[in-house]
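No experiment lies behind these values; they were computed from the predicted model shown. Note on naming: letters A, B, ... go to the chains in the order of the sequence lines (proteins, then strands), and numbering restarts at 1 for each one. Only heavy atoms go into these numbers, but all of them, side chains included; no hydrogens, no water, no symmetry mates.
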There are 4 protein chains.
Amino acid sequence: MKLWDSRFQEGLDKFIEEYTESISFDHKLLEEDITGSIAHLKMLNKCGIVNDEEYAKIEKALLEILEEGKKIEKFPIEYEDIHTWVESKLKEKVGNIAGKLHTARSRNDQIVLDEKLYIRRKIKEIVNELEELQKTIIEHAEREIDALLPAYTHLQHAQPISLAFHLMAYFYMFERDIDRFKTTLKRHNKCPLGSAACCGTSIPIDRFTTSRILDFDEPTENAMDTVASRDFILEVLSNCAITMINLSRLCEEIVIWNTDEFSFIKLSDRVTTGSSIMPQKRNPDVAELTRGKAGRVIGNLVSLLVTLKGLPLSYNRDLQEDKEPLFDSIETTINAIKAVNIMLKEATFLRENMRKQLEKGYVEAADVAEYLVKKGVPFREAHRIVGKIVNYLDRQNKKFKELSLEEYKKFCDLFEKDVYEISDVEKIVDSKKSYGGTSRELLREQIKNVKMKKNWQ
Amino acid sequence: MKLWDSRFQEGLDKFIEEYTESISFDHKLLEEDITGSIAHLKMLNKCGIVNDEEYAKIEKALLEILEEGKKIEKFPIEYEDIHTWVESKLKEKVGNIAGKLHTARSRNDQIVLDEKLYIRRKIKEIVNELEELQKTIIEHAEREIDALLPAYTHLQHAQPISLAFHLMAYFYMFERDIDRFKTTLKRHNKCPLGSAACCGTSIPIDRFTTSRILDFDEPTENAMDTVASRDFILEVLSNCAITMINLSRLCEEIVIWNTDEFSFIKLSDRVTTGSSIMPQKRNPDVAELTRGKAGRVIGNLVSLLVTLKGLPLSYNRDLQEDKEPLFDSIETTINAIKAVNIMLKEATFLRENMRKQLEKGYVEAADVAEYLVKKGVPFREAHRIVGKIVNYLDRQNKKFKELSLEEYKKFCDLFEKDVYEISDVEKIVDSKKSYGGTSRELLREQIKNVKMKKNWQ
Amino acid sequence: MKLWDSRFQEGLDKFIEEYTESISFDHKLLEEDITGSIAHLKMLNKCGIVNDEEYAKIEKALLEILEEGKKIEKFPIEYEDIHTWVESKLKEKVGNIAGKLHTARSRNDQIVLDEKLYIRRKIKEIVNELEELQKTIIEHAEREIDALLPAYTHLQHAQPISLAFHLMAYFYMFERDIDRFKTTLKRHNKCPLGSAACCGTSIPIDRFTTSRILDFDEPTENAMDTVASRDFILEVLSNCAITMINLSRLCEEIVIWNTDEFSFIKLSDRVTTGSSIMPQKRNPDVAELTRGKAGRVIGNLVSLLVTLKGLPLSYNRDLQEDKEPLFDSIETTINAIKAVNIMLKEATFLRENMRKQLEKGYVEAADVAEYLVKKGVPFREAHRIVGKIVNYLDRQNKKFKELSLEEYKKFCDLFEKDVYEISDVEKIVDSKKSYGGTSRELLREQIKNVKMKKNWQ
Amino acid sequence: MKLWDSRFQEGLDKFIEEYTESISFDHKLLEEDITGSIAHLKMLNKCGIVNDEEYAKIEKALLEILEEGKKIEKFPIEYEDIHTWVESKLKEKVGNIAGKLHTARSRNDQIVLDEKLYIRRKIKEIVNELEELQKTIIEHAEREIDALLPAYTHLQHAQPISLAFHLMAYFYMFERDIDRFKTTLKRHNKCPLGSAACCGTSIPIDRFTTSRILDFDEPTENAMDTVASRDFILEVLSNCAITMINLSRLCEEIVIWNTDEFSFIKLSDRVTTGSSIMPQKRNPDVAELTRGKAGRVIGNLVSLLVTLKGLPLSYNRDLQEDKEPLFDSIETTINAIKAVNIMLKEATFLRENMRKQLEKGYVEAADVAEYLVKKGVPFREAHRIVGKIVNYLDRQNKKFKELSLEEYKKFCDLFEKDVYEISDVEKIVDSKKSYGGTSRELLREQIKNVKMKKNWQ
């Protein structure tokens, strides 16, 4: 059964039918398809195209179809797509008046509607999961504010920081992810229905009514643009890719922190797996897999960009390829956020191992330079002096705190006894009081403000 | 000369120096670097870290350096990057106090600032060029409102439309492109300066002052996030890619319309090129090249996504690879919009050839179906009937208007004489009165409203 | 049931179990997994690690498991992956001796083996399908050798050619696709089994035996490389992407040729679909969808490139993400080739419409230039002269053949009466006798040779 | 000056001229362009189209132009492309006979030739650099054969290996990279020249002669395919991307090994850089930057895939976009290999730190399992037993070697005194005697064989 076959002498080749069908994946839009159909029906009724009795019958049938569809595991591919399946079922239930539902509607605008409704529902889920992850971050941050570790640049020890500070970096990354998704939702919150095949309809419908029923801000402005454009999906895919990039970075850190060499984190048994040959392994699979899945989501974005490149207006069948990347990206992203959240929630940070790393090397170097700056030495000169001290320490195999004041003064006579205060990593951390710095006072305040703003607890 | 070499015993290998330098491309940020430096300087002065005299000297020198730098074609790579070059020049001019400028600043936050300022400047340019292109579209739309042609789906004739309607589809596509760029600008309008290497500073600076001077909304909230994140660039690259996709579609249409077979458009000599062997060619090079350049911009987006994937916090040298894709995408996008605008502005639409196509085939089929719907036939049934008529016409090698009323009635006895009105394509076009449809009345109103809203003329 | 859980206190979190499972897709490797297991078993038997009785028992059970597995639609995800499922079934059937099969084998080398066997099987299928498509091309080429049409550059009429010539371009494109797949197969035809987890085994196995049984050239040379590398998959994905690019170009041409404006091709009902609203449409869906699917396959390639980027040796769980892009690319490519072949096989070329296009414009221009070259005019000068003639013709609204000899001579007095022979497109086509040119004689010979070489017919 | 402008009334718009020019990058093909032109000239001479005197004059002029061109930094964009520039210079030098050189040649086939020659030259360079890197690997492998460290899976300690074994994994990865480049060269070693615009020529040229002069195997078989296809470039880009992926993995390991926490490697000052604010840093910039550049090269591959998707035959201006990704990928890849080689050559491996890691954890676990297998326990059962032992050791905070034989026997009574031999990591390493395993004896032999085969030293 096809919606368009009256004109054809000969049926589709069996293999081609399989090749071109989409019901095996677009059945995910069943709920949206029914919601959209009911809204369209209401509008047709309001405009006098469908009478009250027809309205009642069709609506009832559509709701039944929804329930029946939800139970189906595998839709028969002869129906080509979910819209056709719904319409066929409807015809079975209400007879020929089923054919009225498609008045002033084409699959071209219908599919865009379904996708927009799907995206709306799923973006809410993504935002929700991201906020759950942020809460976990906040909890750890509050708990770990006194856990000090090196900040890393180039994966080299840079300066001492609070673990809370490190974690809050991710809080803000995810905050922008959330904002991106919300913006996308807002920008495309216009109702496509009623654009019909690609140029509107002569039937006297009211697109504003449909738009209102479906909680859109207004109808889309140009029917051709409406059925031909998929930038709303590209944006979603791009947002998902960026979120996955952010997750991949957190996961990379967890993989590294979970090594025997770093040993900064202990993951719970509930998220680690073992080896089929080496019984001792505790593998950070969730972190690795999520890092790997960044590739998948980036691939999806590329795939739709390629598909859209160079397509003339308006609808082309190539556009059928928009759905799988969309579904896969959204589901992968939601699952990845959830999985990372579970992993993080149950993780234990090994504070002493972190702290131990601060004793290696020269993490106070930048602070010794800033010490000199405060005494009036131009920064670049201070930096040069400290560079020389580090060289000296390295050759002598010494630490800053093992340097005598005399030795200090050989490099610059502005050094005084108070330079030894710098060797206290707590003080170093708390001295970073510039807005956005790692000082624990600032962090506490920031966390408090964030919770207030988010209305958490 | 390097900013960090006091610690090292041995210089960089010559080849490695070339391999790691960035001045050959980041010199594009010279202007932003100076602007940022002066703002930073003002703040240092306000905070008492740099006195008035030093301030005056350094600012004057920086402005001179800007002028000198603008004249340089090729910066010497020994300077590694543009920041180092500026600082070296500054030292030459003002001596050791130059070293004060780097107080509470690292190249890590400085480069993010430069990039944000660059993006701000360039996004304004992109938006401006997109609006110029929109104006050209509007001009054509006003002029071509009575030029009728088939709308295409699957590159097959669908239904008759006004050329203005087709062109306005692009207007709305570009309108969303503009909105995307503006949103990106707004979301990231936070000042990175003062984040220092990655965790803030103990020097008593005031990041809000710097932020205000540079027209940001506020400083960024976490120093580590600030120096490690490049999602603001990913967004720009994604926006550019989507814009290029939209342009590639318009260009594809121009290539097709420019064929001898379609002959819907004539491009001006000023934008077409010939062949080195076939003297008669008039090649739509701008359209082809722009379509091709979509690949380039998508490639840039992919390249940065790959680079960022799996990077631990905070700064890693990999991030140096963010600049070339950024510069290239922005410049390519701006130039592509400009070039397409020039091509379109001087193009002539060959109305008669368009109109001729409407006579072929059965573009009124959907309207005949809607005719029956208005007489009470359920749409699906109407569609089926018309499908059969088309089959009949095809076999008889006839057009709709050549069908006698008797023949019509064989398919459905609701057909009456008024069915012949449908063969008038003007009437078909104007009957599409649903919001966003192709009716010329709607189009005229829409164009008027758009111009009012945009405050054009 | 997991292969590694003896060490763990607590089971996997339910959601994480779902997140990390792979059986829902790697069950596609069941057949390969069994084949590999039997080969491994034979080797263990030969090396005295498994005795004859055990061998017989296990082999029998494995073959049963294969048959049982083939009938399963949905494998239970508790088994994590297909290897675990097989091993569990084996244990049910033969008890503890099942545990011997995993001797000197890890899932790390096992999965690489399965993938290599899968790729070998599927590449043969791809090559086969590509050759079927080539045969269709050859058939059309033989049939259409006298169908003349313009060659296009910039989608503009260039010079007259035989349709056979145009089609043969695709023959050679697909010939290189075939060669690429074959090369990939050859390069990676080394047996991974026996690499164990990542560094070999102390059990006295014989990898050369396994390799021989499984038709590999030799075992892989380094166990760590073996379990960590996926370049063999990247190559397959890259080959698939290039093949899809080639198909997308053919499909683009079919879409364009299928327009009302070109009308160069008629597709059969068995491969075209209609519209749900416009009854007259005959949409080239297969061509469009295939063009769109190029995006999907490129996306898959990108996704694995991203996943592999920056992974330390040896095995990381990220690698689990190699399978879905592999399966999807291979299946999509095979189906796309098949679908295009069906579409092409039943297509009819509309020779007269093609021929009609040759009468428009100035397709003989280049030949007029070559005419002058043969009379001794340097090519560039000849080109310039013909450019001027075309300009003149354009202004006069004339064709070359309508030009009097006098007029000709105004441009260059070397023109003689024989110039009029050029207006015969047959002669133009046949004059292109340089190797690889469109002369029909050359084409006939080429087709004959190709068929001989391929041993077709 | 354009090669095609005789037909046009009006010149190109200035901006469009800049937008469409390619000389700013295709001047890199100058040498290839001249080489190709001389070969073409020789053939024209042999075929009697250019006489001996003309031949001598033009060849001399071309060689002069090459020398002059080599000195030019910036070619004037009015020349559009390098071919036009060469032809113009030629005309200045030899007058009108310059115009003969373009006989039976179009820029369409000329550019493909230039690209093929460029690729041939550059692939040789890549192969050479990869072999240099392999030599460095071999040198380290020979030197570090007794340096033992854990193999990693999931970045977790797996089993003890020789560092030589780990390094040799990269040897084989690069060996396949080399093979890929060589295969590509071989597959596409067919001469495009003489295909002319897209369908051959009526001028009696001899393509086999040109092919022979330029060291190709034969001429390409179809002129249309020749000018339209870029799969030879796609293959190069794909090969480069895979090589960069391999390099990115090595670089990731170097970054990790270079951390304070791992401390497995010391990089020389000549390849590390410092920080502008933290004087103590020794950043593994080359490793980071190379890892980052993988993104760039993948981006280039994507960009050309996108550009080619859906292009109708034959030449389209989009193809001009093939050059920059090609040049950039090749140069980036060559430089990256060189830079990594320099970094690696001067690196020192910190053997004691590696060895120290072997004392942590339970790296002998898999070997204890294999011990039981050798005593007849089915592997899976052995694995289960060892899993329990590890659990026990973990709770008792003990190592394997601290376990009494009594304790051992509680888990399985097949344990005997010889189990303690397993705690010797040297013995564990050397026990991995399966082909491709880490046994030092095998490694020594393998290295010897490789050097013999490669004829090194």
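Contact annotation for A/Phe264: only side-chain heavy atoms (C-beta onward) come within less than 4.5 Å of a heavy atom of chain D.
Here the closest heavy-atom approach between residue D/Thr259 and residue A/Leu155 is recorded as CG2-O, 3.4 Å. Minimum interatomic distance between D/Asp285 and A/His154 (heavy atoms only, all atoms of both residues): OD2-CE1, 3.7 Å.
Legend: salt bridge (charged side-chain N to carboxylate O under 4.0 Å, His left out) pairs involving residues 296-307 of chain A, not counting sequence neighbours, sorted by first then second residue: A/Arg296-A/Asp328, A/Arg296-C/Glu321, A/Arg296-C/Glu324. Sorted by first and then second residue, the pairs that involve residues 244-258 of chain A and meet salt bridge (charged side-chain N to carboxylate O under 4.0 Å, His left out), not counting sequence neighbours, are A/Glu252-A/Arg291.
Between D/Lys356 and A/Glu261 the shortest side-chain heavy-atom distance does not fall below 4.5 Å.
Annotation: A/Lys266, atom NZ; neighbour count of heavy atoms from other residues, nucleotides and ligands within 6.0 Å does not exceed 12. Atom NZ of D/Lys375 has more than 12 heavy atoms from other residues, nucleotides or ligands within 6.0 Å.
Every residue meeting the salt bridge (Lys or Arg N to Asp or Glu O under 4.0 Å) condition with A/Glu381, not counting sequence neighbours, appears here in chain and number order: A/Arg384.
A donor-acceptor pair under 3.5 Å links the side-chain atoms of D/Gln156 to the main chain of A/Asn258, judged by distance alone.
Applying a 4.5 Å heavy-atom cutoff, the residues of residues 300-309 of chain D that approach chain A are D/Val302, D/Val306, D/Thr307, D/Lys309.
Taking CG of D/Asp260 as the start and NZ of A/Lys360 as the end, the distance is 5.5 Å to the nearest 0.5 Å.
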